[in-house]
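First comes the structure, then the notes that go with it.
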Amino acid sequence: MKLIYRILLVTVLAFTVKTAEASHLLGGEISWQCLKSGPNTGKYIFTLVLYKECASGTAGLGTSQSISGPNGNISCSLQSATDISPSCLGGSGVYCGMTGSGNGAVERYAFVSAPTVLTGTPPPTGWTFSWSSCCRPGGVVNTFTGGYYLRAKMYPYTPVGATTPKNANPCYDSSPTFKETGSLTICSGSSFVYNHLAADRDLDSLFVRFADPLQNANSPVVWNTGYSSVSPYPSNLSNAGNGPVTVNGITGEVSMNIQTATAGSYASCYVIEAWKCGQGPNGPEPQLIAEVFRDVAIVVKTGCAVNSEPVVYIDTAVYPRIQQNGPKNYSTTVFPGDTINFQLLASDYDFNTGANQFQVIKFKSEGLQMANPLGGSTGCDGPAPCASFNPVFPQTGYSNQLSNNQEFFWVPECQHLDVGGNFCSPFN
């Protein structure tokens, strides 16, 4: 069996700041993990992630939250509150604890449940897990300000040879997850590419698309003229000078080119669909088994200094096994036991505004099989050796001026395929 390993390569220039806005939530998502070993085998752990603007004087989210589920509320305790503010270079950084709101400081809250038993079997329409609260950020441009209704859905699964769906106790599958953080600040005047990095512990086939942000269980948000659920950001539909907003369902890559826009927050929603292919009672038909929705606001800033994105590439002439599928997307097909090795090359010659120094290219990488820290050999979410990124000598770290060159190394093994299954799309 071939192991198909798609590589998304993202470099981040983190020197933007947010426009002023009220102290409101910026979005979130719900996911679950099926425990398949240990004393709690067969139980679920649920995670509620919330993104919140943070600064001195803003309200906290407390130490616990509840997810509404088919068997009642699922209590979740605060596991972490992490400052994910953009790194500002050539001056003071942006960080939680700064005075006043609207300065770009963002915090990621993760609330996690104890091992949980679910009883019964999801109906064909699925079980919905939800969390709701007020309010969306003040100054939302593309829709009327309203509440948040975060949700995820678990569908029944009928395995090969069975005639009825599996009961949810014991659990049978983990949901897909978003590996990249959801809060963004971008500047008008240039193209922008982003990826939520959809991943799945069970190697289910994933499909990413836009979805409707909800203000309550039964009401999508009402869009202002020029915006919709499939084009929620400034685009050619809101102003002819902009490019279209697109999302690649297979890779999850989101692209836009915002030249003219109103500064402020823009509501949006994405969903990861998880499919099992060739594992149904009749063999080849795919089964939708989970949907995880990320309801997230991005902030668009206008009047930014002119800036070019870094040039990032893999030299496919040197590494012919790597195929380039698009401007920023590469893939390769490998067998267990193969060695995957290549260099990712980046360069940028822009100066910081008001500072006589080059901007810094900051490298980051996320994924189920990525080592943590990146240069190590452990810390990934998998049963076999992790993949690693290491700076190319003489570079010594993951941030660098002028150029940032990193080397990828991974030896996939059969253990990476221990869950079985084939890759498919919902359109097979």
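Residue numbers count from 1 along this sequence.
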Pairing donors with acceptors under 3.5 angstrom, does anything connect the side chains of [X] and [Y]?
{"X": "Gln406", "Y": "Asn404", "result": "yes"}
{"X": "Thr181", "Y": "Tyr51", "result": "no"}
{"X": "Ser37", "Y": "Thr41", "result": "no"}
{"X": "Ser235", "Y": "Asn242", "result": "no"}

Matching residue for His196 among Arg294, Glu253, Glu180 - test: side-chain hydrogen bond (donor to acceptor under 3.5 Å, both in side chains):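 Going through the options one by one, the only one that passes is Arg294.
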With sequence neighbours excluded, residues passing ring pair (Phe, Tyr, Trp, His ring centres under 6.0 Å) with [X]:
{"X": "Tyr398", "result": "none"}
{"X": "Phe210", "result": "Tyr270"}
{"X": "Tyr172", "result": "Tyr157"}

The criterion is side chain to side chain donor-acceptor pair (under 3.5 Å); which residues satisfy it with Asn239, sequence neighbours excluded?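 So Asn239 forms no side chain to side chain donor-acceptor pair (under 3.5 Å) with any residue.
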Decide, yes or no, whether a salt bridge links Lys276 with Asp173 under the criterion of side-chain N to carboxylate O below 4.0 Å.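 The answer is yes: the pair qualifies as a salt bridge.
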Within the side chain of [X], is there an N or O that forms a donor-acceptor pair under 3.5 Å with the backbone of [Y]?
{"X": "Asn40", "Y": "Lys43", "value": "no"}
{"X": "Asn195", "Y": "Leu197", "value": "yes"}
{"X": "Trp410", "Y": "Pro385", "value": "yes"}

Show the atom names and distances, to 0.1 Å, of all donor-acceptor pairs under 3.5 Å that link a side chain in residues 111-129 to residues at least two apart or in another chain.
{"from": "Ser113", "atom 1": "OG", "to": "Phe46", "atom 2": "N", "distance (Å)": "2.9"}
{"from": "Thr116", "atom 1": "OG1", "to": "Ala114", "atom 2": "O", "distance (Å)": "2.7"}

Is any side-chain heavy atom of [Y] closer than 4.5 Å to one of [X]?
{"X": "Phe293", "Y": "Leu150", "answer": "no"}
{"X": "Gln323", "Y": "Thr316", "answer": "no"}
{"X": "Gln369", "Y": "Cys386", "answer": "no"}

Which heavy-atom pair separates Val245 from Met256 by the least distance, and what is that distance?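 Minimum heavy-atom separation between Val245 and Met256: CG2-CB, 4.2 Å.
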So which atom in Ser75 and which in Ser66 form the shortest heavy-atom distance, rounded to 0.1 Å?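 Looking at all heavy atoms of both residues, the closest pair is CA-OG, 4.3 Å.
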CD1 of Ile30 to CD of Gln65: how many Å apart, nearest 0.5 Å?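 One gets 10.5 Å once the value is rounded to the nearest 0.5 Å.
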Is the centre of the Phe342 ring less than 6.0 Å from the centre of the Phe408 ring?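 Distance test on ring centres: under 6.0 Å, yes.
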Do any pairs count as a salt bridge (charged side-chain N to carboxylate O under 4.0 Å, His left out) and have a residue in residues 206-231, sequence neighbours left out, and if so which ones?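 Residue pairs with at least one partner in residues 206-231: Arg209-Glu273, Arg209-Glu291.
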